[in-house]
Amino acid sequence: MSQVVKVERHDAVAIVTVDSPPVNALSVAVRKGITDGVKSAIADPDAKAIVIMCAGRTFIAGADITEFGKPPQSPSLHDVIDTIENSPKPVIAAIHGTALGGGFELALGCHYRVATKDAKVGLPEVKLGLLPGAGGTQRLPRAVGPEMAVKMIVTGDFVGAPEAMKAGAIDEIVDNLASGAEAFARKVIAEKKPLRKLRDDDSKLAAAKADKSIFTNAAAAANKKNRGLEAPLAAAEAVSHSLDQPFDQALKSERELFMKLMTGEQSKAQRYAFFAEREAAKIAGVPDGTKGRDVKSVAIIGAGTMGGGIAMSFANAGIPVTLIETGEEPLKRGLGVMQKNYDATAARGGIPADAPAKRMGLIKGVVGIENVKDADLIIEAVFETMAVKKEVFGQIDKHAKKGAVLATNTSYLNINEIAKMTQRPQDVLGMHFFSPANVMKLCEIVRGEKTAPDALVTAVNIAKKIAKVPVVVGVCDGFVGNRMLAARGKQAEKFLFEGALPQQVDAVLTKFGMPMGPFAMGDLAGLDIGWRSRKDRGIKSEIADAICEAGRFGQKTGKGYYKYEAGSRAPLPDPDIEKLIEETTTKMGLKRRQISDDEIFERLMYPMINEGARILEEKIAQRPSDIDVVWLYGYGWPIYRGGPMFYADTVGLKKIADRLSVYAKQTNDPSLEPTPLLKKLADEGKTFASLAKGG
Ligand code: NAD
């Protein structure tokens, strides 16, 4: 018998158990084991019904994605499902944990499905740029109706067992998986229940076949938030064939659409991102088996934009937080913003109606830094000034308990210098969240020169616990993300002096798939922050300064690089800005020119990639894919383009290096010359990905 699948018989019920940790993924061994197991139960004259279930924490949680891109091995999932569906004896899937992707498709190929109450089912293939390729797009609409099916398949969202049962995808909820499934199987035998094959049951399709708009409306609604992704559109098309093609033909169409996605660029990028995220959690130089410290209580200092958002992230994960401010007034303001934020989300239906009260109940607002004393983790989110940070860390050191991890949310400042203000630099690190912190998933974990490995592991673990994606980076000005952003921002600003307008520059990036360009982003963050910092440092930026001098601080004043209608966040080009830019450049004696979108694109992107290469040279990032994860989760880089370093490899490093040299000369900026690492890789015809494989 197979190593990963065993068959037992309990009276008339044959139990086929998959035991392939960690998640019983559908590797070739599992596929073969299930096929053999079901066949042996069919051949067993004493078995009258067959249960397929899994050992461990979950039912089959999907395909074995390490097999993607390799030559297919028999039996395919299609073959497995055929064997199950055509079994002359009823086959029952017994689901616990999560039945996902191929796992759920296999369950849909069974004649009946039972599940524990807390089980979840879903077809999340779109998240890897794919669609369910083993009949899921045809059987799910027959189980739950095409409207719900298209929603589930296009969004990839999971559905809990009770909801799935109400919709028709689950036949019974059981308390105990094994005994409940067996009891259900005996009932099927005793009542001589028919072999229910979803493929033959079109009853739930009738309404949408009669009225096409039922499906088209549901598909459009499901695809509403889709920005540039091919897979959700293809998935909706595949589901639509449940209505206009016979089952077997629709399966062929599903296969064709699947293969097109599988061999396309988008899915390649999305699968890369999936692995990159997992890889990012591995920290070089931390001894194997290093355990994080226990974090039972958290204190956050500063209830401003970031402190508030970070506190919400903890409360969302059910972790209590002490939120510390300098006085009652800023505390009240901070708590008020959070309450409003939660209320708005609840009003939209994004969280349950009782969630705002529950979550706010986890956040205890207090005045005075001495309140850090019980916290295992302290996150500082006060003003971005070295003097203030130093003062605050000196105070934290006085009051924090021994062994507490002390984190700063600084965007740019030197963490080693901050750590020196304490007697315990080994406990100090950066936890750099992104705005809005309750939404953005990235957390750069900044490792100081003295940061202890177990402090680092603690930060990584807690970030994961609050549903963030941690990426470990080193100390430098702006760390990974903001440092690369600065390289892009410098070019963006230059374009305004040379002849472009904010809307032209931004449009080039949104067309590429970024959620917004640098000027809209500036308006969102607030232009006054940079203005104040330039004044402090005695730096001038004629256009940006003139905009701020006109009282235009961005969205918060209704005007910045763009104008905004009351209550709207949509940037509208403003003729006043055009005038201001032209007047400023004329006054400076600059000659404006037409700049092509291609030049804008290359000069925004390639210097960023060059900076990424420099970051790798300096070992600020551990691997190119970590840089990509930073951009995917911190800046909304389109997932179907993999991240800047992945994207660079698709363009070709030689082209990028050559163009950088051209622009270095054209703009008289030697810092744009390709960095030695980029140049070396380009000359050798290599990629950034080759570095991960050891050069
Ligand atoms: P903010 O001005 O909105 O909030 C800072 C808060 O800290 C204020 O409410 C202030 O009252 C409080 N504060 C100041 N000194 C304090 C003290 N000694 N004790 C307790 N509270 C004190 O600023 P922000 O935008 O939330 O930024 C906070 C930090 O996060 C900065 O280091 C910033 O660089 C960083 N950051 C900001 C962003 C962003 O987009 N805003 C993104 C990432 C990181």
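Counting starts at 1 for both ligands and their atoms, in listed order.
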Between Tyr412 and Glu384, is any side-chain donor less than 3.5 angstrom from a side-chain acceptor? no
Return the orientation label for the Phe512 and Phe601 ring planes: parallel under 30°, perpendicular over 60°, tilted otherwise. tilted
Quick one about Thr667 and Asp669 (side-chain donor to acceptor, distance below 3.5 Å, no hydrogens or angles considered), yes or no? no
For Tyr663, which of Glu602, Glu599, Gln491 qualifies under side-chain hydrogen bond (donor to acceptor under 3.5 Å, both in side chains)? Glu602
Verify the distance criterion only: is there a donor paired with an acceptor across the side chains of Tyr635 and Asn482 at less than 3.5 Å? yes
Side-chain heavy-atom pair Val651, Tyr606 within 4.5 angstrom cut-off: yes
Starting from the N and O atoms of ligand 1, collect every protein N/O partner closer than 3.5 Å and put each pair on its own line with the distance to 0.1 Å.
residue: ligand 1; atom: 3 (O); partner: Thr305; partner atom: N; Å: 3.0
residue: ligand 1; atom: 3 (O); partner: Thr305; partner atom: OG1; Å: 3.1
residue: ligand 1; atom: 9 (O); partner: Glu325; partner atom: OE2; Å: 2.5
residue: ligand 1; atom: 11 (O); partner: Glu325; partner atom: OE1; Å: 2.8
residue: ligand 1; atom: 11 (O); partner: Glu325; partner atom: OE2; Å: 3.2
residue: ligand 1; atom: 26 (O); partner: Thr305; partner atom: N; Å: 3.3
residue: ligand 1; atom: 26 (O); partner: Met306; partner atom: N; Å: 2.7
residue: ligand 1; atom: 30 (O); partner: Asn409; partner atom: ND2; Å: 2.9
residue: ligand 1; atom: 32 (O); partner: Val382; partner atom: O; Å: 3.3
residue: ligand 1; atom: 32 (O); partner: Glu384; partner atom: OE1; Å: 2.5
residue: ligand 1; atom: 32 (O); partner: Lys389; partner atom: NZ; Å: 2.6
residue: ligand 1; atom: 34 (O); partner: Glu384; partner atom: OE1; Å: 2.7
residue: ligand 1; atom: 34 (O); partner: Ser411; partner atom: OG; Å: 2.8
residue: ligand 1; atom: 36 (N); partner: Ser411; partner atom: OG; Å: 3.1

